[in-house]
Number of protein chains: 2
Amino acid sequence: MNKKTDLRVLRTNQSIRKAFYELIQEKGYEAITIQDIADRAMINRNTFYLHYQDKPDLLDICVDELLEEIKNAIVQCPISMRPFSISTLETVMQTILEHISHNTSYYQAMLVGENKIYLFQSKMEKIIKDKLNEGWNSPQGNSTLTISKELLLEYLVSSFMGVVIWWIKNDLPLPAEEVSSQFSKIVAYGHLKTAGIAVKE
Amino acid sequence: MNKKTDLRVLRTNQSIRKAFYELIQEKGYEAITIQDIADRAMINRNTFYLHYQDKPDLLDICVDELLEEIKNAIVQCPISMRPFSISTLETVMQTILEHISHNTSYYQAMLVGENKIYLFQSKMEKIIKDKLNEGWNSPQGNSTLTISKELLLEYLVSSFMGVVIWWIKNDLPLPAEEVSSQFSKIVAYGHLKTAGIAVKE
DNA sequence: TAAATAATGAACGATATGTTGTTTATTTAT
DNA sequence: ATAAATAAACAACATATCGTTCATTATTTA
């Protein structure tokens, strides 16, 4: 009687999700029709509407479900920005990378290729930004930054996402610990010096 | 007789572009119908098809025209990555920022807000990446980087775009020279130290 | 086994698309 | 200034997708 106990509901729903992720990678979200999903999931087009309002509804639910997992993964990571603690930033990234490594195909569909879902990236950026922002909200009084905090956050989030996406796109070429370790070093010391590139004024 | 001399063509085309940019910001690209554009531009729906194949065609042309200007702006900027020269990176960013400041409304529509055009950002990232990549193509032999060059490029481009978008989003709060100067310093020395934030191991 | 409910299948109106003609208005060239 | 060229307007069309309704069939739960 409960919606989640009826095997038909579960099976249909699984088929829809699977078909949807496949089609996103094949033809991109916008090009997908409800009939496409129904055909691939081998259900009647009408059945789709018994489970989701429309295509954006399906996308939102998929996106939010994945992001909810990221939120849960990092919620207990401690974070401190003043003083900046390398280990905490490293922990956040490593936690996220490890979560991604257990659900690679989903994140591949969401974040890689010309059919990637920019809504997902944008929402994920917000989550990272909020998390990093926590580190500044500790009651230590305002100090005098020579750069706008907003600019700093933007910079940090952008590079963070850049590295994460690079990692997924290249099929996780390095262990999660190594990527997060290198990233935090780059952030702290400047990536050119970290990489061993000479700098001339 | 030439398509570009007939005032009717020019006027109609201008109306279409203007309507298109407005509608992108108002309701987002996907929600726009050809009829919307025709109504706003005060032309017959049919007339649209005399100028563009379809909606994606119009978008592509708008995007590529803007990007062409960016390409032209930075094509003559010298760039060197080994040794890394702060001034060259600074020059590239400053050139781009100044170009943007002369066409703010277009870049606002393309890069800011929930209706931004991710295709544009993605193509712009590629242009920046190619440009930065030039700096490595000088014949100096392979050196041993401690980080993958691809990772480094991804990091650089992501942070570059992050700063640019932040700048546009906040209505160009600082002069272009200052943003590009600070950015290159962050890149070279690490943003935390640049910002005056203490780092603890 | 009976009741509940999920899924099917057919049909519908509404909306947007892209195309094809024809007519009107404007521009260019003679 | 006028005639030829062409852009734009207007109407009509077939097609596709959407979201909904309703009756019927199949499956699951109680």
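Just so we're on the same page: letters track the sequence lines, and every chain starts at 1. All values below were derived from every heavy atom in this structure, side-chain atoms included, with hydrogens, water molecules and symmetry-related copies excluded.
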Qualifying residue for side-chain hydrogen bond (donor to acceptor under 3.5 Å, both in side chains) with A/Tyr107, from A/His99, A/His102, A/Lys116: A/His99
Do any N or O atoms of the protein come closer than 3.5 Å to N or O atoms of nucleotides 16-18 of chain C, and which pairs are they?
from: C/dT17; atom 1: OP1; to: B/Ile34; atom 2: N; distance (Å): 3.4
from: C/dT17; atom 1: OP2; to: B/Ile34; atom 2: N; distance (Å): 3.2
from: C/dG18; atom 1: OP2; to: B/Tyr49; atom 2: OH; distance (Å): 2.8
from: C/dG18; atom 1: N7; to: B/Arg45; atom 2: NH1; distance (Å): 3.0
from: C/dG18; atom 1: O6; to: B/Arg45; atom 2: NH2; distance (Å): 3.0

Pair B/Thr33, B/Asp36: side-chain N/O donor-acceptor within cut-off below 3.5 Å: yes
Donor-acceptor pair between A/Asn13 and A/Tyr52 side chains, under 3.5 angstrom: yes
Whether over 12 other heavy atoms sit under 6.0 Å from A/Lys126 NZ: no
Crowding at NZ, A/Lys18 (>12 non-hydrogen neighbours, <6.0 Å): no
Over how many whole Å does the gap from [X] atom [atom1] to [N] atom [atom2] extend?
X: A/Asp57; N: D/dG19; atom1: CG; atom2: P; answer: 10 Å
X: B/Glu30; N: D/dT17; atom1: CD; atom2: P; answer: 16 Å
X: A/Ile37; N: D/dT17; atom1: CD1; atom2: P; answer: 13 Å
X: A/Asp39; N: D/dA16; atom1: CG; atom2: P; answer: 14 Å
X: A/Tyr52; N: D/dG19; atom1: OH; atom2: P; answer: 15 Å
X: B/Asn44; N: C/dT19; atom1: CG; atom2: C1'; answer: 13 Å
X: B/Gln14; N: D/dA8; atom1: CD; atom2: P; answer: 13 Å

ring-ring contact (aromatic ring centres under 6.0 Å, His included) partners of A/Tyr49, counting only residues at least two apart: none
Partner nucleotide, any strand, of C/dA7 [Watson-Crick/G-U, under 3.5 Å]: D/dT24
B/Ile96 and B/Ile128, any side-chain heavy atoms less than 4.5 Å apart: yes
Any side-chain heavy-atom pair of B/Ile74 and B/Thr91 under 4.5 Å: no
Electrostatic pair A/Glu134:A/Lys129 at N-O distance under 4.0 angstrom: no
N or O in side chain of A/His51 less than 4.0 angstrom from C/dA6 OP1/OP2: no
B/Thr47 side chain near D/dA7 phosphate (N/O to OP1/OP2, under 4.0 Å): no
Base D/dT21 paired with A/Asn46 side chain (donor-acceptor, <3.5 Å): yes
Enumerate all atom pairs, one protein N or O and one N or O from nucleotides 23-26 of chain C, separated by less than 3.5 Å.
from: C/dT26; atom 1: O2; to: B/Arg8; atom 2: NH1; distance (Å): 2.9
from: C/dT26; atom 1: O2; to: B/Arg8; atom 2: NH2; distance (Å): 3.4

